[in-house]
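Have a look at the structure below before the remarks.
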Number of protein chains: 2
Amino acid sequence: MSKKEGLDKKEQFIAEMAAALQRRETIVVGADCEVMYSGRAETLLPPGERLIMIKEDGTLLVHQPHGSAPINYMKESSSHRFVVENDNLYIKSQNQVLHEYLDILLAKVHFFHSAKLSDGQKLQLTGNEKDMANMIAANPAIVEEGLKLVGQEEQTKYGFIDVLCYDAQGLLVVIECKRYKADFQAVSQLRRYVERLKGMKGLARVRGILAAPAITTNAAKMLHDFGFSFAIVQAPKYKERLRKSQKSLGEFENNVEND
Amino acid sequence: MSKKEGLDKKEQFIAEMAAALQRRETIVVGADCEVMYSGRAETLLPPGERLIMIKEDGTLLVHQPHGSAPINYMKESSSHRFVVENDNLYIKSQNQVLHEYLDILLAKVHFFHSAKLSDGQKLQLTGNEKDMANMIAANPAIVEEGLKLVGQEEQTKYGFIDVLCYDAQGLLVVIECKRYKADFQAVSQLRRYVERLKGMKGLARVRGILAAPAITTNAAKMLHDFGFSFAIVQAPKYKERLRKSQKSLGEFENNVEND
DNA sequence: GGGGAGAGATGCCGC
DNA sequence: GCGGCATTTCTCCCC
């Protein structure tokens with residue numbers, strides 16, 4: 001292929017991408033590329049083969065062939081150009097508001113595609129911390145016998161307390177929920193809420209209970225030091241419910257294993 | 001198109017995807033689809049047009065045409081099958097170890113592509129919290145006159161303390177760095193380190209300094225309550241350095257705006 | 001593999 | 001916009 005043809009091919013690619021951006025299509029490019037970013041930090045990603053995705057809202061993602069998170073990215077509302085400079089093909093992105101800049105040097109474009117995607121749907125999720133808090137609020141005895149609900153979340157004016165109760169002795173109890181194994185941070189958070197509540201209500205004693213399926217050894221020690229207690233509470237087991245009602249999930253026979 | 005032809009087309013698509021999975025290629029599918037997930041939580045995503053990506057390590061991502069994060073995903077080491085059930089085309093994924101399951105009902109496949117991607121490169125990043133801690137360790141006077149370095153991070157045996165110093169009076173000082181505006185969590189963390197150090201060394205007083213470019217009003221209040229102090233420290237300004245040395249970044253003339 | 005903490009975290013909701 | 005916090009957080013490092 002002559003250099004002229006190569007240039008024409010580049011120019012045609014650039015024209016197609018510019019049109020796709022104009023039409024607010026979602027773009028996918030598979031390419032051998034090098035990525036440079038400057039903004040909140042500064043990064044360099046040496047040459048390799050990646051998938052580049054540009055969304056209609058201006059989001060740009062660079063994905064390596066492994067891992068969940070993009071290796072480089074630009075947030076929504078970024079602007080993008082496909083340009084040739086010194087015979088090199090670039091994607092140049094910037095976010096004026098955030099003062100962020102990203103350049104992708106495209107050494108070789110293996111494939112590309114663009115299409116308008118129509119999707120206004122939102123994810124319906126159950127089984128989060130809020131659901132766990134609701135479960136406890138509906139039946140505080142799960143955590144401790146004799147607890148009576150005072151309020152939940154913003155219903156109280158004391159900040160982001162998951163569940164607030166009175167215990168059998170009439171003491172105020174702050175319950176902090178964690179869906180997974182509780183750590184230092186969870187205990188610190190509980191401590192903060194308890195102290196805030198003591199200060200605001202002028203109480204000498206406010207109890208704290210950490211409700212989670214498990215707790216790290218060190219966090220348990222810290223919890224004990226502060227005079228708080230731990231309650232084993234399993235997050236709602238949606239997994240089992242779904243697997244029961246919907247047999248199609250799981251139970252594979254012929255798998256292509258990715259070990 | 002006859003139903004038979006439609007079926008053949010589906011079967012051919014399935015065969016191609018199975019082969020691509022076997023070859024550990026990276027797969028991209030643009031499709032109108034519905035997604036169901038069950039694992040750490042349970043989610044339903046009603047029909048809409050999305051980009052689906054399957055990587056060679058078993059990672060699966062579902063991206064809507066907006067936003068940085070995938071709306072649904074499966075972690076690495078997941079297994080995937082393309083199957084037809086009751087005339088419906090599905091991608092069925094599972095992660096045996098994590099007990100996670102994801103089904104994608106493909107109502108219409110708009111396009112697809114697969115290719116082997118070769119990339120072993122790692123991101124080179126500068127301008128993170130560690131760099132900020134190094135800057136302070138190299139010149140503690142940035143934070144306060146008279147500070148003398150004791151140790152940094154794993155060099156100290158007191159845990160994850162960013163920078164440890166003695167002040168002019170010989171008091172031990174814990175310095176916690178934050179690249180951005182410090183919040184409750186940062187103060188809680190500093191408090192935890194100071195108390196841990198007091199306990200381990202049997203000291204009556206250990207000072208705490210929060211070094212960050214800014215702090216929220218509430219966090220500043222909390223910091224004051226604990227007798228800690230705040231030092232305005234700007235994270236290294238890599239942005240300006242790069243923009244100076246590399247004129248190609250920024251300064252766009254003809255932008256396709258994504259506002 | 002667990003523990004601990006940063007991240008160019010992202011996203012959500014409240015004010 | 002900032003604040004506060006959960007996240008199917010993800011990723012890294014160290015033990």
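Proteins come first, then strands; the chains are lettered A, B, ... in the order of their sequence lines, and each starts at number 1.
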- In Watson-Crick or G-U wobble terms, both distances under 3.5 Å, what is the partner of C/dA9?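 Base-paired to D/dT7.
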Looking for any heavy atom pair under 4.0 Å, which part of the strands does [X] touch: base, sugar-phosphate only, or nothing?
X: A/Q185; result: nothing
X: B/I215; result: nothing
X: A/K122; result: nothing

- State whether the distance check finds a donor on one side and an acceptor on the other, under 3.5 Å, for side chain A/N218 versus base C/dG4.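 When only heavy-atom distances are counted, A/N218 does not reach the base of C/dG4 through any donor-acceptor pair under 3.5 Å.
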- Query: D/dT8 base to A/N128 side chain: any donor-acceptor pair below 3.5 Å?
  - Reply: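 No.
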Can you give each donor-acceptor pair under 3.5 Å made by side-chain atoms of residues 58-69 of chain B, sequence neighbours left out, with the distance rounded to 0.1 Å?
{"unit_1": "B/T59", "atom_1": "OG1", "unit_2": "B/D57", "atom_2": "OD1", "d": "2.8"}
{"unit_1": "B/T59", "atom_1": "OG1", "unit_2": "B/D57", "atom_2": "OD2", "d": "3.2"}
{"unit_1": "B/H63", "atom_1": "ND1", "unit_2": "A/K55", "atom_2": "NZ", "d": "2.8"}
{"unit_1": "B/Q64", "atom_1": "NE2", "unit_2": "A/D119", "atom_2": "OD2", "d": "2.8"}
{"unit_1": "B/Q64", "atom_1": "NE2", "unit_2": "A/Q121", "atom_2": "O", "d": "2.8"}

- Item | Test item: side-chain donor near acceptor, A/E76 and A/N95, under 3.5 Å |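 A/N95 and A/E76 do not have a side-chain donor-acceptor pair below 3.5 Å.
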- Task: Please measure how far the P atom in D/dT8 lies from the corresponding atom in D/dG4, and state the result in whole Å.
- Result: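 Each nucleotide's P atom is 22 Å from the other's.
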- Message: Taking the P atom in each of C/dG4 and C/dG8, what is the distance between them to the nearest angstrom?
- Response: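 So the two P atoms sit 23 Å from each other.
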For atom [atom1] of [X] and atom [atom2] of [N], their distance in whole Å:
X: B/H66; N: C/dC12; atom1: NE2; atom2: C1'; answer: 13 Å
X: B/R196; N: C/dG4; atom1: CZ; atom2: P; answer: 8 Å
X: A/N72; N: C/dA7; atom1: CG; atom2: P; answer: 16 Å
X: B/F160; N: D/dT11; atom1: CZ; atom2: P; answer: 19 Å

- Query: Can B/R40 and A/E129 be counted as an ion pair, charged N to O under 4.0 angstrom?
  - Reply: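 Looking at A/E129 together with B/R40, the answer is no, because their closest N to O distance does not fall below 4.0 Å.
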Looking at the side chain of [X], which of [options] is the nearest nucleotide?
X: A/R192; options: D/dC5, D/dT7, C/dG6; value: D/dC5
X: B/A69; options: C/dT10, D/dC10, C/dA5; value: C/dT10
X: A/R40; options: D/dC5, D/dT11, C/dG8; value: C/dG8
X: A/L125; options: D/dT8, C/dG8, D/dA6; value: D/dT8
X: A/K178; options: D/dT7, D/dA6, D/dC5; value: D/dA6
X: B/E129; options: C/dG4, D/dG4, C/dA7; value: C/dA7
X: A/F184; options: C/dG4, C/dG11, D/dT8; value: C/dG4

- Query: Can you tell me if CG on B/L203 sees more than 12 non-hydrogen neighbours from other groups inside 6.0 Å?
  - Reply: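 It does: B/L203 CG has more than 12 such atoms within range.
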